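Okay, so here's the structure we're looking at.
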Amino acid sequence: MAMQLNNDQVKLELCEPGEVYRGMRFDWTGQIEQITYKGGEPYTFCTREIPDAPLTRQGFGLVNEFGIDQALGYRDCPVGEQFHKIGVGLLTRDTHESYDFFRDYPVQPYEFKVSAVSDTRSVFTCEAAEHRGYQFKLEKQIELAGAGFSIQYTFTNSGKKHIRTNEYVHNFLAVNEQEIGSNYTLRFSFPIDPKRFHANVNPEAAVQFDANQVFWKKTPEQQFYVANVGGAPQSGASWTLVFDNAIRIREQVDFQTTVNLWGHSHVVSPEFFFELDAAPGEQVTWQRRYDILPETGKKS
């Protein structure tokens, strides 16, 4: 059964670990399927990675991933043995090929717990037993406050090996399920420099950049993707998605980040990456804060 966090302004619909999504890519803890703003005219903000497809293997809403480029311990894992995918479980390496986050590796899920459940707060825990020198505990707290919510991460390295990987949230966004187009603007808290993009897949030139803003001259028929939107790593960064000059949703982070952007006709996803670096015995914390506010330039 889906979980809900509620106050007088925002409702979050969350998934129990493993009840909906059972894929090999995204963290099973604290998956947010839908965000509904209740302060005045109601708005929803979340959509699916693939329209009309089941949620068991695809992304949706706000879901995060650890190690998109290299799962923990994969590089030196022999074929036929298991490696860690943080937030998911022990995956079996069944190929000599490089790690591929799209591949459907056999999985032995971790043990997950949900605690401290109230109308406005839930805590999700994933604990991994020792395997090939790696052992850790991930705790994720989601808490509503006003017209927004925070996601607080606590990661403890209890193993013998140093853990270095990254984490990001794939924000699958579309306000009221409206297609991405000229009624959307995406603002960043830093300048955008296209000369410093590591990748820029924009075949229709539907995505446009101006100073610190992204806008769309039409609804893109093909996927778009930009890597390293901000050039150098950014501190205390935020993005704000504005819809129809009426409502906006914003994410702010408390860590230095690099930024990617992905989307299609039905979805846009700004992505802030956190570099996780935890020595044996070390505990690391980081936070993401989301706020929903009426846009100051709202149409009359």
Side-chain angles (χ1 to χ4, degrees), residues 14-33 46-50 53 55-75 77 82-91 93 98-110 112 124-126 128 134 136-142 151-155 157 163-173 198-199 223 225-229 239 251 253 255 257-264 267-278 284-288 290:
L14 289 78
C15 298
E16 292 270 6
E19 276 202 352
V20 177
Y21 177 82
R22 297 192 62 83
M24 313 308 130
R25 179 179 180 186
F26 296 115
D27 181 356
W28 290 18
T29 67
Q31 297 174 335
I32 300 173
E33 185 175 350
C46 297
T47 190
R48 302 182 177 197
E49 181 179 9
I50 307 169
L55 299 182
T56 54
R57 287 293 191 272
Q58 69 156 312
F60 54 87
L62 274 57
V63 289
N64 67 307
E65 178 180 13
F66 287 87
I68 182 174
D69 299 316
Q70 194 70 245
L72 193 63
Y74 182 87
R75 185 173 283 114
C77 178
Q82 293 177 311
F83 60 95
H84 287 281
K85 180 69 171 179
I86 300 173
V88 178
L90 290 173
L91 277 56
R93 181 170 185 172
S98 299
Y99 176 72
D100 181 358
F101 61 82
F102 279 129
R103 190 176 181 88
D104 199 12
Y105 298 97
V107 61
Q108 176 186 328
Y110 295 134
F112 300 92
F124 299 81
T125 304
C126 163
Y134 294 107
F136 54 84
K137 179 180 179 180
L138 168 67
E139 182 180 278
K140 187 188 300 181
Q141 175 179 285
I142 301 177
I151 306 175
Q152 177 76 40
Y153 303 77
T154 302
F155 185 90
N157 182 357
I163 293 176
R164 295 183 180 90
T165 187
N166 56 24
E167 181 270 346
Y168 73 103
V169 171
H170 217 320
N171 300 288
F172 294 100
L173 301 174
H198 291 170
Q223 294 186 41
Y225 172 70
V226 176
N228 198 40
V229 173
W239 58 257
E251 179 190 5
V253 298
F255 50 84
T257 185
T258 55
V259 186
N260 290 353
L261 175 66
W262 174 87
H264 204 177
V267 60
V268 59
S269 178
E271 301 163 357
F272 282 176
F273 281 75
F274 173 71
E275 296 299 319
L276 174 59
D277 189 331
V284 179
T285 63
W286 67 103
Q287 179 176 279
R288 301 173 183 274
Y290 292 81

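Note that the coordinates shown come from a computational prediction; the quantities given were computed from them, not determined experimentally.
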What is the minimum heavy-atom distance between [X] and [Y], and which atoms define it?
X: C77; Y: Q82; value: SG-O, 3.5 Å
X: D27; Y: Q31; value: O-NE2, 2.9 Å
X: Y290; Y: I151; value: CE1-CD1, 3.9 Å
X: P270; Y: L173; value: CD-CD1, 4.2 Å
X: C15; Y: E33; value: SG-OE1, 3.6 Å
X: A128; Y: H84; value: CB-CE1, 4.0 Å

| said: Looking at T257 and F273, would you say the former's side chain and the latter's main chain have a donor-acceptor pair under 3.5 Å? | reply: yes
| query | Would you say Q58's side chain and E49's backbone share a donor-acceptor pair under 3.5 angstrom? | reply | yes
| task | Say whether Y153 and E167, considering side chains only, have a donor N or O and an acceptor N or O under 3.5 Å apart. | result | yes
| Is it true that the side chains of N260 and Y168 contain a donor and an acceptor less than 3.5 Å apart? | no
Are [X] and [Y] packed together at the side-chain level, in the sense that at least one heavy-atom pair is separated by less than 4.5 angstrom?
X: L91; Y: Y74; value: no
X: F66; Y: L72; value: no
X: V259; Y: V226; value: no
X: I68; Y: N166; value: yes
X: F155; Y: I163; value: yes

| query | What orientation do F274 and W286 show, parallel under 30°, tilted 30 to 60°, or perpendicular over 60°? | reply | parallel
| Parallel, tilted or perpendicular for W262 and H170, by the 30°/60° rule? | perpendicular
Approximate separation, where rounding is to 0.5 Å, of [X] [atom1] and [Y] [atom2]:
X: F102; Y: R57; atom1: CZ; atom2: CZ; result: 14.5 Å
X: N64; Y: N171; atom1: CG; atom2: CG; result: 10.0 Å
X: K85; Y: E65; atom1: NZ; atom2: CD; result: 4.0 Å
X: R48; Y: L55; atom1: CZ; atom2: CG; result: 4.0 Å
X: N157; Y: L138; atom1: CG; atom2: CG; result: 12.5 Å
X: W28; Y: Y110; atom1: CH2; atom2: OH; result: 11.0 Å

| task | Step through the shown structure and confirm whether more than 12 heavy atoms of other residues, nucleotides or ligands are within 6.0 Å of CZ on R103. | result | yes
| query | What do the steps show when you test L14 against F124 for side chain to side chain contact (heavy atoms under 4.5 Å, CB included), and what is the final call? | reply | CA-CA 11 Å; L14 289 78; F124 299 81; 3.7 Å; yes
| So, for Y99 and Y105, is the gap between ring centers shorter than 6.0 Å? | yes
